[in-house]
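Lettering of chains follows the sequences in order, A, B, ..., and the numbering in each one begins at 1.
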Amino acid sequence: MSSDTPAADLPKQYDHAAAQERWYSFWEQRGYFHSEPNAARQPYSIVIPPPNVTGALHLGHALNNTLQDILIRQKRMQGFETLWLPGVDHAGIATQAVVERRLLQEEKLTRHELGRQGLVDRIWKWKDAYQARIIGQLKQMGCSCDWQRTRFTLDEQCARAVRETFFQLFKEGKIYRGKRLVNWDTFLQTAVSDDEVFHEAVKGNFWHFKYPVVDPKPGEPTHVTIATTRPETMLGDTAVAVHPDPSGALDQAELDLRQRLADAPAKEKPDLEKQIDDIAERRREMLPRLEQLRDMARRGVKLELPLTGRQIPLIADQWAKPELGSGCVKITPAHDPNDYDVWQRHEEIGAINILNVDGTLNDNVPEKYRGLVVKKARAAVVADLEAAGLYNPETDCEPRDIDLAHSDRSKTPIEPMLMDQWFVKMDQLAQSAMDAVTSGQVKIIPDRYAKGYLDWLSEKRDWPIGRQLWWGHRIPVWSQPVADKYTCEHFMGQLEELHKARPDLIAYRVELDHDLDNARKVGGVEYQVAKIERPYATIHVSINDGASQQTIRLLENQGFLQSEDVLDTWFSSALWPHSTLGWPEQTEELKYYYPTSVLITNRDIITLWVARMILMGLHNVDKKRYGVRDSLPFHEVYIHPKILDGYGEGMSKSKGNGVDPLDVIEKFGADALRFGMAYLTTETQDVRVPVEFECPHCQKLIEQTKQNRVLPRVKCKHCQKDFSTQWAEKAEDKALPRGAVVSERFELARNFCNKLWNASRFALLNLEGFDPGQVSDDELMVEDSWVLSRLSTVTQQVTDALAEYRYADAARTLYDFAWDEFCSFYVEMVKGRLQDERQRVVAQRLVAHVLDVLLRLLHPMIPFLTEDVWQRLGQVAPERGVDTVEQAAESIMVAPWPESDPARRDPEIEAQFGRFQEVLRAVRDIRARQGVAPKTPLRFSVRCDAATANLLDPMKDYFSAMANAEPVAFGPEVAAPPLSANVTLSGLEVYVDLAGLIDVEAEVARKRQEIEKLTGFIAAKEKKLQQKNFVERAPAEVVQKERDSLADLQAQLAAAREVLERLAGGR
RNA sequence: GGGCGGUUAGCUCAGUUGGUUAGAGCACCAGCUCGACAAGCUGGGGGUCGAUGGUUCGAGUCCAUUACCGCCCACCA
């Protein structure tokens, strides 16, 4: 950049790549991103929702981070000590799954072959690579994070917080071990939470089987029929249930149906009526038999469980619905959530786990099924039942779509399984998080999201926190099963002593296991309930950091082993706002930056993450101890929209519709990406971004369809050449150039950036010899007062909008002002003055000032371009201002946020300017419709009242500059030139003298059309004003407004008729 | 089954507390190589605001019903 002429080398198009590279490193070198506690300033802090290290960022992240950076940059300019703390999440299951899958694909290795340490090493490498990539992406986007404070949920500081939290919760009894049915992922061989499961309809069958009754009395059924979609689970059945009061249950079912029928829409009524008839029929046909079965259940009748040689009880339980199927239901407590509940009510029936962790059948089933995977076992069971005559494929099997749970991570079907798990007790913790929102201490914006948050928490379901993974925070518990009471008490004695000496470091719990004893004998046979032999008890010890190595060795020497499991990823994420600031140490950072100012995230994780951060903050961050203002992690949560593709589907890599922000940045620039995001972030709507492939050969866009988005190669329909996509795997595909996935949605923003660039270029080209100085009011021209008035309003609007997270409003306000007012009017009007020696100095001061303020308002959204221009502006006009002249900051990043000056707002000037704009538009309109070439000068006059004439008078010179038209006269006495075209506006008429130019026919036709239109409006308005109701009941001012409007329209009509007559006469 | 959101121009979307003749960008049409900008400038065409009913002097906006789309939660032997 040559310092003499900062504008000389400016290209006509904004070079976003150059600006990005240059200014990001400039900011970083100056240390603007870094924040330190500073008592002299108010803090403003945001912790990033840490992206998963699973993969690279997509447009959803780009949106999330853009919105954060906009606030961060604005607050920094507003003088806050601003911290944006970045980091990444280890994302336990997701990341391990990705690395494992790759391992299998590329090296044909399973994690068991590699070993725990080996796998973890691999994942760390993956993590390092992706963390670097993610941070690179954030930097490309211009994110002003404090990189010196980058955290990782698995780093030592976060791990310390995890261990402390676990220990405290364990000590308080809020963490316990329980046997629960979990969602078992047989591929990853871990339990996954309900939130990591998705349901997908698959084709399946609904089978009906008969179980023989043992020793039925005469007249009693010899078989009961049960139905299932998972036949193999019958090997784990421990009962069959029938409703304890079938008649009552039918009554209730009917009552419910009738209730629904009453308020059901007509369309659904026939269906409901049919269901009611169905119940009536059941009452006739089936009720006696069900009651008989119920009585048999009470008597303790047993059934023969086919294929197993076991006998299982018939029990009475309300889970069996008499209105469904046969009215009887098989009970498999170890593999079905509802059956599990039945077991809780009927402990004596027991539970039998029939699955190994890899999804094959275990030793609890007859030998011939052992080792089979579920699918094969299912076929075998069905075949054997048929052979036994208990199933008839002709009549007992109906095809059916089954909504099957799948693991989100491995995409394989979930098997419900009974396992020992660690849980966090949620009753109190959930309540505290609910209170935080209901009391208004935490505001969720938009507030409609509060409902889902509260509903979810109100269930207070305990949180299973263990994962059978290797990638994560290993659970800090050492356990030891003990065989008998004596040994147990011996250990307890020892541990009690250790605990008493250091209650802050050691806690223990004894889990007595004999409550499961009766589960072990089912049908007279001993079965394993879980994967280990049940001892007398298990002793669990949790150790906090600071415990001596001897203590741990002591435990380990006595056979205590640390849990193999790791914690749910959300456990560490829940601590993010305080763990990243140093908790549990009493750091200056925690004291200064906590609570953070706002959390910006998407709606998918309001419950999983936001709720847990709130309750963990409340639990962990003691106000007094840490000297913080509040225990809550934040007081505001802003939920932003989701990015969807053109089909309204969420973007994801697995669908192939994901857009890499870097592709957008390369094509449109980071500024356009950011401004586009802000522009699209409205309150209610998700953001639709239709995506296209960009042909690498001809650069043309090809619509992305659901078909072509999953292909490894696509043929460009313009140049007929092939290019590769993210799915390319074969060498021949990979050899092709890659077609980027982009979206035209960012064109608006790119064009806007370019417009700003060129307006800035104009300003810089015209600021030579800039002489700073205050400008007094009497030196201001109309357009100056106008632009200052508008600027004051815009500043206020943008500031208000950002304070309320109305990003789109802020962006649109700036877009409209910059383009339609600053560029289209102010810049055009000031051109002449900049060429005039006498007016130049003031005009330059105004231009520099308005540009300065506009740049600052835009900087949070458009950081690179504004900095680039700011630096150049700083060279020609280092000191600038209108009311006060000040030295400009060395970077726009640290320049003060503009203040809106209400004294500058001038409605009169704005009204005057509005008149000018109307007249100008009228003249241009006439030129266009009469087809007069832009080069041909026009003459025009305006008939209006004296006041309007006075307003327009000072604007005279601008008409020739902006419309190549010379005003002849303004005033009430103005007469229409004989051959003229006119536009009638409210209160004034514009006549363009068209002698020698006019196309009379066209003008006559036009006038006729206009008259017709006006007549229509007038008729409508007269009708309205004749309505008594309107005149009497509407507010007087509204009625008056209508009357004025009518009078105005009538005047316009009269004028139009006059012109028409004259035109017709002149023909 | 429960909840939330959406439906406005060919496409993507704005539309404040109900109040003149409903807006923008893209696309389209006509005309502009005027020294900031063709990623631009000037002008233009295009919408019975998903449907029905209601409240109101007045409804894109409020209420009810309804259709369709999307998302979330729960459940489905």
- Message: Taking the side chain as everything from C-beta on, heavy atoms only, tell me whether A:D686 gets closer than 4.5 Å to A:R603.
- Response: yes
- Task: Answer yes when A:R872 and A:D868 have at least one side-chain N-carboxylate O distance shorter than 4.0 Å, and no when they do not.
- Result: yes
- Query: With a 4.0 Å cut-off on heavy atoms, is A:S326 in touch with a base, just the backbone sugar-phosphate, or nothing at all?
  - Reply: nothing
- When every non-hydrogen atom of A:T229 is compared with those of A:W207, the smallest separation belongs to O-CZ3, 3.7 Å
- Message: Just to be sure I understand the rule, does A:C753 reach a base, reach only the sugar-phosphate, or reach nothing, if contact means heavy atoms closer than 4.0 Å?
- Response: nothing
- A:R603 has its side chain closest, among B:rU21, B:rG19, B:rC71, to B:rC71
- Item | Rounded distance (Å) that lies between atom P of B:rC75 and atom CD of A:E323 | 18 Å
- A:E1042 CD to B:rG19 P: how many Å, rounded? 12 Å
- Task: Give the ring-plane orientation class for A:F675 versus A:Y815, where under 30° counts as parallel, over 60° as perpendicular and anything between as tilted.
- Result: parallel
- Query: Checking side chain to side chain contact (heavy atoms under 4.5 Å, CB included) for the pair A:F206/A:T228: CA distance, chi angles, key distance, verdict?
  - Reply: CA-CA 6 Å; A:F206 198 48; A:T228 182; over 6 Å; no
- Query: Looking at A:R461, does any N or O in its side chain come under 4.0 Å of the phosphate oxygens OP1/OP2 on B:rA74?
  - Reply: yes
- Note on the structure: Heavy-atom contacts, protein to nucleotides 9-15 of chain B, under 4.0 Å, summarised as B (base), S (sugar-phosphate only) or - (none) per nt, yield ---SSS-
- Going by the side-chain contact (heavy atoms from CB on, under 4.5 Å) test, name the single residue among A:L680, A:I643, A:L644 that passes it with A:R688. A:L644
- Could you tell me whether A:Y449 contacts a base, only the sugar-phosphate backbone, or nothing, with contacts defined as non-hydrogen atoms closer than 4.0 Å? nothing
- Message: With rounding to the closest Å, how many angstrom separate the P atoms on B:rU55 and B:rC68?
- Response: 28 Å
- Message: Considering every strand and a 4.0 Å limit on heavy-atom distances, what is the contact class for A:T228: base, sugar-phosphate, or nothing?
- Response: sugar-phosphate
- Item | Sidechain N-carboxylate O distance under 4.0 Å for A:R806, A:E804 | yes
- Message: Before we go on, tell me: are the rings of A:Y679 and A:F752 under 6.0 Å apart, centre to centre?
- Response: no
- Which whole-number value in Å describes the distance from A:I605 CD1 to B:rC73 P? 13 Å
- Item | Salt bridge flag under 4.0 Å for residues A:D339 and A:K330 | no
- Would you call the rings of A:Y807 and A:Y805 parallel, tilted or perpendicular if under 30° counts as parallel and over 60° as perpendicular? tilted
- Item | Whole angstrom value for the distance that separates C1' of B:rC72 from NZ of A:K451 | 12 Å
- Query: Quick one: stems for RNA chain B, with Watson-Crick or G-U pairs under 3.5 Å, at least three in a row?
  - Reply: B:1-7 with B:67-73, B:10-13 with B:23-26, B:28-32 with B:40-44, B:50-54 with B:62-66
- Query: Which is true for A:W319 with a 4.0 Å heavy-atom rule: it touches a base, it touches only sugar-phosphate, or it touches nothing?
  - Reply: sugar-phosphate
- Message: Checking contacts here: which listed nucleotide (B:rU33, B:rC32, B:rG25) is nearest the side-chain heavy atoms of A:P934?
- Response: B:rC32
- Message: Counting primed atoms plus P, OP1 and OP2 as sugar-phosphate and everything else as base, spell out the protein contacts along nucleotides 37-49 of chain B at 4.0 Å heavy-atom distance: B, S or - for each nucleotide, 5' to 3'.
- Response: B-BSSSS------
- Message: Can you work out whether A:K1024 or A:A241 has the more 5'-proximal nearest nucleotide on RNA chain B?
- Response: A:K1024
- Please give, in whole Å, the distance from B:rA36 P to A:L865 CG? 18 Å
- Message: Please determine whether a side-chain nitrogen of the Lys or Arg among A:K451 and A:D455 lies less than 4.0 Å from a carboxylate oxygen of the Asp or Glu.
- Response: yes
- Message: Over all strands shown, is A:L748 touching base, sugar-phosphate only, or nothing at heavy-atom distances under 4.0 angstrom?
- Response: sugar-phosphate
- Parallel, tilted or perpendicular, as decided by the 30° and 60° cut-offs, for the rings of A:F746 and A:F668: tilted
